[in-house]
Amino acid sequence: MVTFLFKTEPGAYSFERLLAEKRAVWDGITNNAALAALRAARKGDEVLVYHTGDVKAIVGLASVLTNAYPDPNHPGLTEGGLPRTPVVDIAPIRAARSPVSLAQIKADRRFRDFALVKQSRLSVMPVPPALDKPLRQLTGL
DNA sequence: GCCAACGTTGGC
DNA sequence: GCCAACGTTGGC
């Protein structure tokens, strides 16, 4: 089981909306590094959901319901048998008891090399196993 | 294939 | 609102 971090601008799609709608297709990713990360997502993986913009905090946890599959809106685009524009379906698990801000994460030396800190524009990334527990402890997820 | 110009994201 | 840090595009 891999934990990912997905960023979203809450004005465009919020974790609250995911809680209300119970399921979402995570699409609209265009950046290649983010697509490569998303392509590796498998059913049973989990997702820390991060709000960008005014919030800048990890706000909730979701589960990955499907393996990465080709975006139905971009059919036929494949690369080595794998979807070039992968999407996954996710469902909310729960909101964070204590959302953890980017400032907190940046201030914590354990997260020094985390892509969230080092590559501010990356919107999908795996959470390194060593950082998964600390992040869940801080968020209560 | 290189790289200058331009566009975008997201933190500040 | 600005701009750093990217990514993308297109001329050559």
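Chain naming here is simple, since letters A, B, ... match the order of the sequence lines and numbering starts at 1 in each. The figures that follow rest on heavy atoms only: side chains count, while hydrogens, waters and symmetry mates do not.
Using a 4.0 Å heavy-atom distance criterion, Leu102(A) is classed as a sugar-phosphate-only contact.
Using a 4.0 Å cutoff to heavy atoms of chain A, the contacted part of DNA chain B runs 5' to 3' from dG7(B) to dC12(B).
Judged by distance alone, the side chain of Ser98(A) and the main-chain N or O of Leu138(A) form a donor-acceptor pair under 3.5 Å.
Contact check for Asp89(A) versus Trp26(A): no side-chain heavy atoms found under the 4.5 Å cut-off. For the pair Phe111(A) and Lys106(A), the minimum side-chain heavy-atom distance is 4.5 Å or more.
Remark: the Thr66(A) side chain and the Arg42(A) side chain contain no N/O donor-acceptor pair separated by less than 3.5 Å.
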Q: Check the pair His51(A), Thr8(A) against side-chain contact (heavy atoms from CB on, under 4.5 Å), reporting the backbone distance first and the verdict last.
A: CA-CA 5 Å; His51(A) 277 175; Thr8(A) 182; 3.5 Å; yes

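Using a 4.5 Å cut-off between side-chain heavy atoms of Ile, Leu, Val, Met, Phe, Trp and Tyr, with links allowed through other members, Leu48(A) and Val124(A) fall into different hydrophobic clusters.
In DNA chain B, runs of at least 3 consecutive Watson-Crick or G-U pairs, each pair with both distances below 3.5 Å, span B:1-12 with C:1-12.
Annotation: of the two residues near DNA chain B, Arg121(A) and Gly53(A), the 5′-most nearest-nucleotide partner is Arg121(A).
The two residues Pro10(A) and Val55(A) come nearest to each other via the heavy atoms CG-CG2, 4.0 Å.
In summary, of the residues considered (Ile58(A), Val47(A), Asp132(A), Leu122(A)), a side chain to side chain contact (heavy atoms under 4.5 Å, CB included) with Leu5(A) occurs for Ile58(A) alone.
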